[in-house]
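Note that this is a predicted model, so its numbers are computed, not measured.
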Protein chains: 2
Amino acid sequence: MKPDLRVVKTKRALHEALVELLKNHSLEQVTISALCRVANVNRGTFYLHYARVEDVFEEYFQEITADLAKSYEEPYRHVKLLNPRELEPSTIRIFHHVQTYVDFYRIVFSKNVPLAYYYMLFDEVRKLLLRDTAAHKQDEIDHELFCSYQANAIVGMIIHWAEHDFAATPDEMNEQLAHILRLDSGRRV
Amino acid sequence: MKPDLRVVKTKRALHEALVELLKNHSLEQVTISALCRVANVNRGTFYLHYARVEDVFEEYFQEITADLAKSYEEPYRHVKLLNPRELEPSTIRIFHHVQTYVDFYRIVFSKNVPLAYYYMLFDEVRKLLLRDTAAHKQDEIDHELFCSYQANAIVGMIIHWAEHDFAATPDEMNEQLAHILRLDSGRRV
DNA sequence: CCTTTAATTGAACATGTGTTCAATAACTAT
DNA sequence: ATAGTTATTGAACACATGTTCAATTAAAGG
């Protein structure tokens with residue numbers, strides 16, 4: 001059940017062709033025909049794996065969101081998490097992650113791309129919150145709902161960040177998050 | 001400078017044709033050609049006003065987000081707003097608004113629509129928060145950033161709601177928001 | 001190495017896309 | 001009503017889309 005090398009080659013060619021075309025065109029300007037021309041892949045082959053150009057970007061973007069989760073696994077970062085209302089901001093790697101892949105995130109937050117990309121980021125953040133706050137459930141509050149609330153709040157900060165062309169530094173974003181979470185007084189490093 | 005009646009008629013025909021087609025097709029399945037066929041509008045005319053089918057939906061959806069703002073203007077609802085951390089949930093009309101137009105919001109929150117629709121809702125909520133919390137700025141916190149945080153947190157709840165097929169009632173959503181905002185203890189009606 | 005399996009190809013077809021143009025029709029303003 | 005303005009139309013064009021098919025090619029597994 002190994003992945004067929006031909007499929008791997010085809011997908012890699014399409015990935016690289018997409019990155020190439022995105023240097024001079026917006027995502028929605030990239031046609032399937034042009035993508036296949038640049039990638040030297042038959043158009044029929046494209047349809048064996050995808051339906052739209054956006055699906056190729058989505059597959060690529062999946063590797064990036066996977067990196068977000070991975071950065072949380074690094075043991076020296078993965079400090080014990082406290083009550084979600086007192087998240088230790090040094091453990092929040094998301095702003096640094098976004099800056100690392102800012103060229104991708106400019107696309108992810110642009111108006112005419114599918115909402116699916118947004119969900120991929122949101123789901124990743126929520127997954128991390130669900131895992132790290134499992135011990136701090138509160139009565140009367142639907143914990144999954146609360147994580148959707150909290151995760152999307154953070155993504156809201158990233159929207160704001162993107163609207164200002166990612167001018168602030170990741171550390172400044174972390175600092176603001178700390179203040180919002182009321183860590184400004186009684187900070188514990 | 002009145003709107004040309006011909007334009008009004010054309011747009012209305014396209015709006016109605018879109019609603020008609022959406023009964024049996026997803027938004028992305030609706031082609032420009034089919035839309036124009038049903039609307040009895042020349043395809044060239046379509047391009048005089050729009051570029052994509054999604055633009056027609058966006059124009060329609062604008063009327064709906066305008067209704068969200070309008071519901072906040074109703075004087076008997078527009079109670080004095082407190083500190084954003086203590087939002088009086090009875091003034092939060094958003095969950096009821098979403099339920100009123102749930103057929104539209106199912107599309108707005110579906111994966112393959114443009115992110116632009118999401119922004120329209122988010123911007124509307126943020127605008128309301130910015131207006132109603134202007135008096136409660138805090139030092140050290142970028143107030144606009146905080147409103148992006150808070151507005152998107154609420155939209156995160158709606159995402160969660162949509163994921164569960166809008167099963168909860170708007171009042172239950174409001175109740176959960178109240179709990180999250182720490183109104184559970186010391187509630188003031 | 002050789003057979004089996006399956007991905008890829010190239011070609012074709014109907015339809016959709018995006019644009020242009022002169023001719024026509026419908027609206028506005030006087 | 002009439003003249004002037006402008007949206008709409010229909011036709012045509014090159015190109016993109018989505019699908020099908022038999023022929024070919026490359027990989028997997030023994």
List in chain and number order the residues that pass side chain to side chain contact (heavy atoms under 4.5 Å, CB included) with [X], two or more places apart in sequence or in another chain; answer none if no residue qualifies.
X: A:Thr169; result: A:Asp171, A:Glu172
X: B:Glu16; result: B:Arg12
X: A:Arg106; result: A:Val102, A:Asp103, A:Asp165, A:Phe166

With a cut-off of 3.5 Å and sequence neighbours excluded, list every side-chain donor-acceptor pair involving residues 23-30 of chain B.
residue: B:Lys23; atom: NZ; partner: B:Glu20; partner atom: OE1; Å: 3.2
residue: B:Glu28; atom: OE2; partner: B:Asn112; partner atom: ND2; Å: 3.3
residue: B:Gln29; atom: OE1; partner: B:Ser26; partner atom: N; Å: 2.9

Which atom pairs, one a donor and one an acceptor, fall under 3.5 Å between side chains of residues 31-47 of chain A and the rest of the protein, sequence neighbours left out?
residue: A:Thr31; atom: OG1; partner: A:Ala34; partner atom: N; Å: 3.0
residue: A:Asn42; atom: OD1; partner: A:Gly44; partner atom: N; Å: 2.8

Holding to side-chain hydrogen bond (donor to acceptor under 3.5 Å, both in side chains), I want the full list of residues that pass it with B:Tyr118, two or more places apart in sequence or in another chain.
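Per chain and number, B:Tyr118 pairs via side-chain hydrogen bond (donor to acceptor under 3.5 Å, both in side chains) with A:Tyr118, A:Asn152, B:Asn152.
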Using a cut-off of less than 4.0 Å, is there contact between a side-chain N or O of B:Ser33 and OP1 or OP2 of C:dT15?
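No.
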Does a side-chain N or O from B:Tyr47 land closer than 4.0 Å to OP1 or OP2 of C:dT19, or not?
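No, outside the criterion.
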Salt bridge (Lys or Arg N to Asp or Glu O under 4.0 Å) partners for A:Glu63, two or more places apart:
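Expected list: none.
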Applying salt bridge (Lys or Arg N to Asp or Glu O under 4.0 Å), name anything that partners A:Glu124, two or more places apart in sequence or on another chain.
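Salt bridge (Lys or Arg N to Asp or Glu O under 4.0 Å) list for A:Glu124, sorted by chain: A:Lys127.
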Using the 3.5 Å cut-off, write out each protein N or O paired with an N or O of nucleotides 8-12 of chain C and the distance between them.
residue: C:dT8; atom: OP1; partner: A:Arg6; partner atom: O; Å: 2.7
residue: C:dT8; atom: OP1; partner: A:Val7; partner atom: N; Å: 3.4
residue: C:dT8; atom: OP1; partner: A:Thr10; partner atom: OG1; Å: 2.4
residue: C:dT8; atom: OP2; partner: A:His49; partner atom: NE2; Å: 2.6
residue: C:dT9; atom: OP2; partner: A:Asn42; partner atom: N; Å: 2.9
residue: C:dT9; atom: OP2; partner: A:Thr45; partner atom: OG1; Å: 2.6
residue: C:dG10; atom: N7; partner: A:Asn42; partner atom: OD1; Å: 3.4
residue: C:dG10; atom: N7; partner: A:Asn42; partner atom: ND2; Å: 3.1

When you measure from every atom of DNA chain D, which of residues 15-31 of chain A have a heavy atom less than 4.0 Å away?
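Residues of residues 15-31 of chain A under 4.0 Å from DNA chain D: A:Thr31.
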Position toward the 5' end of DNA chain C (nearest nucleotide), B:Arg37 or B:Asp4:
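Its nucleotide being nearer the 5' end, the pick is B:Arg37.
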Distance flag, aromatic centroids of A:Tyr117 and A:Phe104, threshold under 6.0 Å:
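So the answer is no for these two rings.
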Bend across the helix from C:dC1-D:dG30 to C:dT30-D:dA1, to 10°, with axes taken over 5 pairs at each end?
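Overall, the helix from C:dC1-D:dG30 to C:dT30-D:dA1 bends by 50° from one end axis to the other.
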Tell me the salt bridge (Lys or Arg N to Asp or Glu O under 4.0 Å) pairs involving residues 141-151 of chain A, sequence neighbours left out?
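Salt bridge (Lys or Arg N to Asp or Glu O under 4.0 Å) check on residues 141-151 of chain A returns no pairs.
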